[in-house]
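Reading through the structure tokens given below for one structure.
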Amino acid sequence: MPHAANILIVEDEFLLALQLEDILMDGGHAVVGTVSERAALDTLAQNQVRPDIALVDLNLRDGLTGPEVARDLCDKFGAHVIYVTANPAQIGDPASRAVGVVQKPFGPESILAAIRYVLDGCPETSRPAGLDKLSMASR
């Protein structure tokens with residue numbers, strides 16, 4: 001079965017990152033890596049990894065660097081960003097290709113529906129219930 005998307009996980013909690021990886025792989029997607037801090041983005045560039053979509057937490061191992069990581073992923077790799085966080089008010093200025101927020105705790109269906117939404121071209125008429133708009137989530 002071909003992979004629908006190459007997805008990067010940006011999460012510093014090991015067990016949560018594993019849970020996301022299982023959800024994505026069960027959904028037919030390829031996980032191209034896991035990043036737990038900002039410095040790990042250099043490894044992506046060196047390995048020529050090109051994620052289509054990144055699931056980005058805000059508070060990483062090196063602090064509140066998730067928003068900056070998300071902007072870099074959009075600018076350097078052209079990736080779409082789905083924030084996965086319990087603290088959407090910390091997003092600040094969203095990344096240019098950010099499509100929304102899945103709030104923690106989440107279920108597999110919320111993550112997979114958000115991925116499908118991106119792959120379908122982000123049509124506002126079919127935004128999944130578990131994917132909050134950035135304007136609502138980051139206030």
Requested in this report: Determine, step by step, whether L131 and S110 satisfy the side chain to side chain contact (heavy atoms under 4.5 Å, CB included) criterion, reporting the C-alpha distance in whole Å, the side-chain angles of both residues, the deciding distance to 0.1 Å, and the verdict.
Outcome: CA-CA 7 Å; L131 181 65; S110 297; over 6 Å; no

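- The list of salt bridge (Lys or Arg N to Asp or Glu O under 4.0 Å) pairs with a residue in residues 10-21, not counting sequence neighbours, reads E11-K104.
- Of all heavy-atom pairs spanning V102 and A114, the tightest one is CG2-CB, 4.0 Å.
- A distance of 11.5 Å separates CZ of R116 from CD1 of I111, quoted to the nearest 0.5 Å.
- By the 4.5 Å heavy-atom criterion applied to side chains, S126 and D120 are not counted as neighbours.
- Counting all heavy atoms, side chain and backbone alike, Q90 lies closest to N59 at OE1-ND2, 2.8 Å.
- Distance alone, capped at 3.5 Å, is enough to place a donor-acceptor pair between the R97 side chain and the G78 backbone.
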Query - Derivation of the side chain to side chain contact (heavy atoms under 4.5 Å, CB included) call for D132 and Q103 - result: CA-CA 8 Å; D132 296 337; Q103 292 200 38; 2.8 Å; yes

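- By the side-chain hydrogen bond (donor to acceptor under 3.5 Å, both in side chains) test, R127 pairs with Y117, E124, sequence neighbours left out.
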Query raised in the report: Yes or no on side chain to side chain contact (heavy atoms under 4.5 Å, CB included) for L55 and F106, after CA distance, side-chain angles and deciding distance?
Result: CA-CA 13 Å; L55 302 178; F106 57 81; over 6 Å; no

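- Nearest heavy-atom pair across A79 and P51 is CB-O, 3.5 Å.
- In this structure, CG on L20 lies 13.0 Å from CE on M25, to the nearest 0.5 angstrom.
- Checking side-chain atoms of D52 against main-chain N and O of N6 turns up a donor-acceptor pair under 3.5 Å.
- Atoms CG and CG, on D57 and L64 in that order, are 9.5 Å from each other to the nearest 0.5 Å.
- Shortest non-hydrogen contact noted between Y83 and A95 is OH-N, 3.0 Å.
- Here the closest heavy-atom approach between residue C74 and residue V81 is recorded as SG-CG2, 3.6 Å.
- Residues L73 and V35 are not in side-chain contact: their nearest non-hydrogen atoms beyond the backbone lie 4.5 Å or more apart.
- One hydrophobic cluster, built from ILVMFWY side chains closer than 4.5 Å, holds both L119 and V99.
- To the nearest 0.5 Å, atoms NE2 (H80) and CD1 (I7) are separated by 12.5 Å.
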Requested in this report: Test R50 against V32 for side chain to side chain contact (heavy atoms under 4.5 Å, CB included), laying out the working first.
Outcome: CA-CA 8 Å; R50 307 291 298 176; V32 297; over 6 Å; no

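- In this structure, the side chains of V101 and I82 stay at 4.5 Å or more apart for every pair of heavy atoms.
- In this structure, NE2 in H29 is found 5.5 Å from CD1 in I115, a value given to the nearest 0.5 Å.
- Take T34 and apply the side-chain hydrogen bond (donor to acceptor under 3.5 Å, both in side chains) test, not counting sequence neighbours, and it matches no residue.
- With salt bridges taken as basic N to acidic carboxylate O contacts below 4.0 Å, one links R38 and D72.
- Contact of the I9 side chain with the V31 side chain is registered, since non-hydrogen atoms from C-beta on lie closer than 4.5 Å.
- Interatomic distance, E68 CD to L58 CG, rounded to the nearest 0.5 Å: 12.5 Å.
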